[in-house]
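What follows is one structure encoded as structure tokens, with my remarks underneath.
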Amino acid sequence: MSIGAEPHPRGIRQTMSDLHIWAGLLTGWFLYAMFLTGTVSYFKDELSQWMRPELPHQAEVPDAAGVAQRIADELQKVASGSSQWGITLPDARNNVASAFWRVPGTEGRRAFQSATFDPATGHKVSSRETAGGDFFYRFHFQFHYMPVLWGRWLAGFCAMFMLVAIVSGVITHKKIFVDFFTFRWGKGQRSWLDAHNALSVFGLPFHAMITYTGLVTLMALYMPWGSQTAFKTPAERQQLTAELSAFIQPGKPSGQKAALAPVEEMVRQAQARWGHDNINRVTITHGGDAAARVSVSRGDQGRTSVSPQYMLFEGNTGRLLETKDHVGPAAETRGVMYALHLGRFGDGVTRWLYFIVSLAGTAMVGTGLVMWTVKRRQKLPDPDRPYFGFRVVERLNIAAIAGLSIAMAGMLWANRLLPTDLPDRAAWEIHSFFIVWGLMAVHAVLRPAKRAWLEQLWLATAALALLPLVNVFTTHRPLWRSLAEGDWVFAGVDGMLWALAALHAMLAIRTARHSTKVRPARRAAPLRPTPSSAGERA
Amino acid sequence: MTHLAVFLLSTLGFAGLALAMERHQEDLFGHALAATATRSLRMAGVAALLLALGVIVRAQGWGVGLVSFSGHTSLGAGLVFGVLIVIERTRPRQTARR
């Protein structure tokens, strides 16, 4: 069979290049969205604080032991009879305590309820209803409006393509060392390629790590067969869970009522072991029953592993039953990779490094997507009427790149502007995100491509730049007050919004300049149209 | 402080490596440097990067240290890249005016 056999076998580089281009293009729009929302998620706790402006700035971290006691007391009222309570304590970046609990007599997705609590009082927080930064975090690996498992499979599929794109990209890159610092300005496709290469190569360790570890975080979903074969009995499966998670699973209740011993004392013991502000979770099973168990787990600070480390107490006596501070090598490998992905172990500087390099990764995907059209625009038989596939990619790029920025800003606008008593308010914030994104997609199709890029980039600039002003008029926490009070979370988010607005303005200006500046140059070299000169003729 | 030192060392390291490349020597100085100068620049660049690694691992341990090192080197390389572009963009204009 020699259908389509070519006279000259294609080199490995050419083959890899094709693989890189098509693997990247097919999943690029998803990857861009995953990358950008994931990048933002490195500051999800800060974003959540900004989105709950009613909660005062947390000047110092409250004592974990006291908070744990207050939340446990509250849960005895709101979630009594539940077999499992999980409490996440406030920390330096997070000013609320949150808890989830298993609802007695239910199964599946509705089996859990959750709420956020005020650390000082232990009561449910009285702030606007919002998903906060958690929405972007969840979206980046499971999307929305689809069953969670589908979303995760889709994310895994895209991440696998990303891995393929990274490896094939490295092979394709002819002069990875010679061209390490090379950027050829104003050379159309060549410049785009240089920028794409720089963004990819400088952050290569991060990009490879984040893609691979991203797959590892969901590996039990993607490849369950190993553990299914190895662990057959419920007891074995429970042991596996214990190696992976500090959330202790509920056993059988005794049926005898027994008051819970002071949780505060248990947390104090853990604080003595791991440090005063290094406790992040308390899990209580069958609180109020004689068989109650309490686990207090260690925070993420300073350790590159999320493997469970916790102290387990007997609930009604407060006696220490077990201290778990290591897991097997396989579980630890996973724990380290998971921690590398989340980056929660680091200090502020490390988090900024994660954010910046991850933003470079976002730009890497973005430049890759745009380059597909740049490269092909030169070869269009009739630039005024590009073929259908070209137009699809071109328009999707606009909506996926510029449109996403507007949609994300739109969600923050909704957070400030939707009435606080709106039913399902948190859901409507999310709907706003998708409504805005959808409108941008429509806009991208209706307008000439160049105009669509410009209009959306300027709209994104305005939407981002005005948010701190909206904040002035809709909350009692304007920037000057945040600065005066040393509230770096609010001041930081406001400042970051302006920095991002400036970035979008720069992109818009460059896009606008491209055509005017290059037009005479193009006459000199007729076969070299520029990337974003797309729709100027349309 | 450690972070600042490591970031500066990474940036200097990559600056050294960039200056040890003929293309950038020609862009910046108008001609290629002598082989000995090139070699010492390259050695200095590598030494600065190794020193940065040593400093951060000493301060943070291997686990966290390697992660920070990776971040600082990415950022340092990016900064050198950006500065080279700016120098190249501003230089021809100056010579043209003269």
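Just the heavy atoms: all of them, side chains too, but no hydrogens, waters or symmetry mates, feed the values below.
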Let me confirm one number: the [atom1]-[atom2] distance from [X] to [Y], rounded to the nearest 0.5 Å.
X        : Y        : atom1 : atom2 : answer
A/Phe202 : B/Thr73  : CZ    : OG1   : 10.5 Å
B/Glu88  : A/Arg184 : CD    : CZ    : 10.0 Å
A/Thr182 : B/Phe81  : OG1   : CZ    : 8.0 Å
A/Leu353 : B/Ser70  : CG    : OG    : 8.5 Å

Work out which heavy atom in B/Met21 is nearest to a heavy atom in A/Phe177; give both atom names and the distance.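 B/Met21 and A/Phe177 have their closest heavy atoms at CE-O, 3.3 Å.
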Which atom pair, heavy atoms only, marks the closest approach of B/Phe14 to A/Phe180?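 Nearest pair, atom of B/Phe14 first, then A/Phe180: CE2-CE2, 3.8 Å.
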Please test A/Arg303 against B/Val64 for side chain to side chain contact (heavy atoms under 4.5 Å, CB included), starting from the C-alpha separation and ending with a verdict. CA-CA 7 Å; A/Arg303 60 181 185 124; B/Val64 181; over 6 Å; no
More than 12 heavy atoms from other groups under 6.0 Å of [atom1] on [X]:
X        : atom1 : value
A/Tyr212 : OH    : no
B/Glu22  : CD    : no
A/His276 : NE2   : yes

Pick from B/Ala18, B/Gly76, B/Gly78: which one has the most heavy-atom pairs with chain A under 4.5 Å?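 That would be B/Ala18.
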Close side-chain approach of [X] to [Y], heavy-atom, < 4.5 Å:
X        : Y        : answer
A/Phe181 : B/His24  : yes
B/Leu84  : A/Phe183 : no
A/Tyr354 : B/Val67  : yes
B/Gln60  : A/Asp347 : yes

Tell me, side chain or backbone of A/Leu340 under 4.5 Å from chain B's heavy atoms, or both, or neither?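 Contact with chain B involves the side chain of A/Leu340 alone.
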Does any heavy atom of chain B fall under 4.5 Å from the side chain of A/Ser305, the backbone, both, or neither of them?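 It is neither, since no heavy atom gets under 4.5 Å.
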Winner by heavy-atom pair count (cut-off under 4.5 Å) against chain B, out of A/Val349, A/Thr304, A/Val178: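 Top count of heavy-atom pairs under 4.5 Å with chain B: A/Val349.
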Given A/Ile356, A/Leu204, A/Val357, the one that forms side chain to side chain contact (heavy atoms under 4.5 Å, CB included) with B/Ser74: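 So, applying the side chain to side chain contact (heavy atoms under 4.5 Å, CB included) to B/Ser74 and each of A/Ile356, A/Leu204, A/Val357, only A/Val357 qualifies.
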Start with the C-alpha distance between B/His3 and A/Thr350, add both sets of side-chain angles, then the distance that settles side chain to side chain contact (heavy atoms under 4.5 Å, CB included), and finish with yes or no. CA-CA 9 Å; B/His3 277 300; A/Thr350 316; 4.0 Å; yes
